[in-house]
Amino acid sequence: MTAEPPRFIGSEIYRKSSFGPWHPLRIPRVSTVIDLTRAMGWLTPARYVASPRAKPAALGIWHDPAYLAALQRAEAEQVVSDETRARYHIGTHSNPVYPEMYRRPATGAGGSLLAGELLTGGGVIYHPAGGTHHGMPDRANGFCFLNDPVLAILSLRRAGARRVAYVDIDAHHPDGVELAFAGDPETLMISVHEEKRWPFTGALGDDGGGNAFNLPVPRGLNDSEMAAVLDALILPRVAAFRADAIVLQCGADAVEEDPLSRLSLSNNAHWAVVAALRPLSPRYLVLGGGGYTPWSVGRLWAGVWATLAGHDIPDRLPKPAEAVLRSLSWEGNRRGRDVPEHLFTTLRDAPRAGAVGAELRVRLAVLGRRAAP
Ligand SMILES: [Zn+2]
């Protein structure tokens, strides 16, 4: 353990930014986490680090310069040609043209690059705007214009961390991250994601060239099952790997009420993973990811910071924090009406325990028999 207290990397660029009125990323997320944690008194100025915007040259350690130029041009012109759309997958329904379409991802990437440097001497960093795990070197993919987890791992490595463990508990498979480090025995990759869901990669038998452990899980995954995954797969593999750094992608879309997946976790499951990984490495970076219900993502990610920074989560939120949650709206989704009261007044979900399914047990056993990378 290092004496350096945990730090939170954020930016105000996310506050008013939207991917468009119909897109799942029209909702505020990072700004909610900032407002909630400040309202709780958990995020003091000394702990907050403003994310720099990465320059194309810095992004060029993994991304294609021609793609970066196309992204900047699209932001400036707010329109793309058919040729650009076909080549770089920008200006599509998933990856739309929007006002901050270069600046926003470049700020997220800048935060992840900075995190690697700040962790040189060890410590804990939380960067909820990070976690864009689908980004490809030369194209946008799945709401991700850049791949900040890849950049974070490269930055950690440049700052002296040789062995990096990447753990991803988003509902979707991190296809971009797996591609970036395929076959690299010094990057352990563990992903837990919903089966038969986009991007349809990350099958149980896909070992990414030896260093990837992919666990597709059936719909309805509950907290007891996630605890089994933590105990049987994540913790033993990460401990045995003796990582110099751990990067956790803590997407918030595997919770029961998320509109883009069919998993049934409560936020307790995510916080348990966040806490359990902490002692296993001197450097620990926790990123965000998916999460498409405004209240759920804000509550889950605020609780991640409480977990990392050592704050107790009260049963009932004080009024200023409740006011942050009540100020949110979810236009264009019927679940934005008649929002359950506990999403305003609490951070912690009721646990969603259940039976550990036979299929899941079989898959954990299959991965348990695999050799270390
Ligand atoms: Zn996701």
Side-chain angles (χ1 to χ4, degrees), residues 14 18-19 22-30 32-33 89 92-96 104-105 108-109 112 127-136 139-150 152 166-180 189-203 206 212-221 225-226 229 234 247-267 269-271 273-274 285-301 304 330 333 335:
Y14 309 105
S18 166
F19 277 40
W22 52 267
H23 196 285
L25 285 177
R26 65 188 177 277
I27 63 166
R29 307 187 323 148
V30 175
T32 307
V33 182
H89 298 197
T92 65
H93 284 294
S94 285
N95 318 310
R104 173 171 162 168
S112 280
H127 179 218
T132 55
H133 58 175
H134 300 303
M136 292 293 173
R139 64 177 167 91
N141 189 37
F143 313 168
C144 304
F145 291 84
L146 300 170
N147 196 312
D148 73 273
V150 168
Y166 174 80
V167 179
D168 191 311
I169 57 172
D170 190 281
H172 303 91
H173 177 250
D175 48 354
V177 183
E178 183 173 317
L179 173 91
M189 202 219 72
I190 300 174
S191 173
V192 183
H193 48 270
E194 187 179 348
E195 66 181 1
K196 299 177 191 138
R197 180 161 298 287
W198 191 92
F200 306 108
T201 46
D206 162 21
F213 290 78
N214 279 302
L215 179 64
V217 295
R219 59 167 56 181
L221 184 80
E225 291 179 313
M226 194 62 188
V229 171
I234 297 175
V247 177
L248 171 64
Q249 199 271 19
C250 192
D253 50 6
V255 295
E256 167 78 17
E257 59 275 18
D258 195 89
L260 265 60
S261 80
R262 293 290 185 84
L263 302 178
S264 300
L265 298 180
S266 80
N267 54 24
H270 298 74
W271 301 341
V273 175
V274 170
L285 171 60
V286 179
L287 305 172
Y292 306 98
T293 304
W295 300 277
S296 302
V297 66
R299 291 163 74 250
L300 194 159
W301 287 353
V304 168
W330 197 11
N333 192 301
R335 281 177 281 189

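Indexing begins at 1, ligand by ligand and atom by atom, following the structure's order. Heads up: numbering here begins at 1 and tracks the sequence.
Taking the Zn ion (ligand 1) as reference, D253 places its N/O/S atom OD2 nearest.
Because the distance cut-off is set at 2.8 Å, H193 fails to qualify as a neighbour of the Zn ion (ligand 1), as none of its N, O or S atoms comes that close.
Considering E178, H133, R197 in turn, E178 is the only one that fulfils the side-chain hydrogen bond (donor to acceptor under 3.5 Å, both in side chains) rule with H173.
Neither side chain, E257 nor T293, offers a donor N or O lying under 3.5 Å from an acceptor on the other.
Atom CZ of R219 has 12 or fewer heavy atoms from other residues, nucleotides or ligands within 6.0 Å.
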Fill in: Working for side-chain contact (heavy atoms from CB on, under 4.5 Å), residues R104 and F145
CA-CA 9 Å; R104 173 171 162 168; F145 291 84; over 6 Å; no

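Geometry at the Zn ion (ligand 1): ND1/H172 and OD1/D170 form an angle of 100°, nearest 10 degrees.
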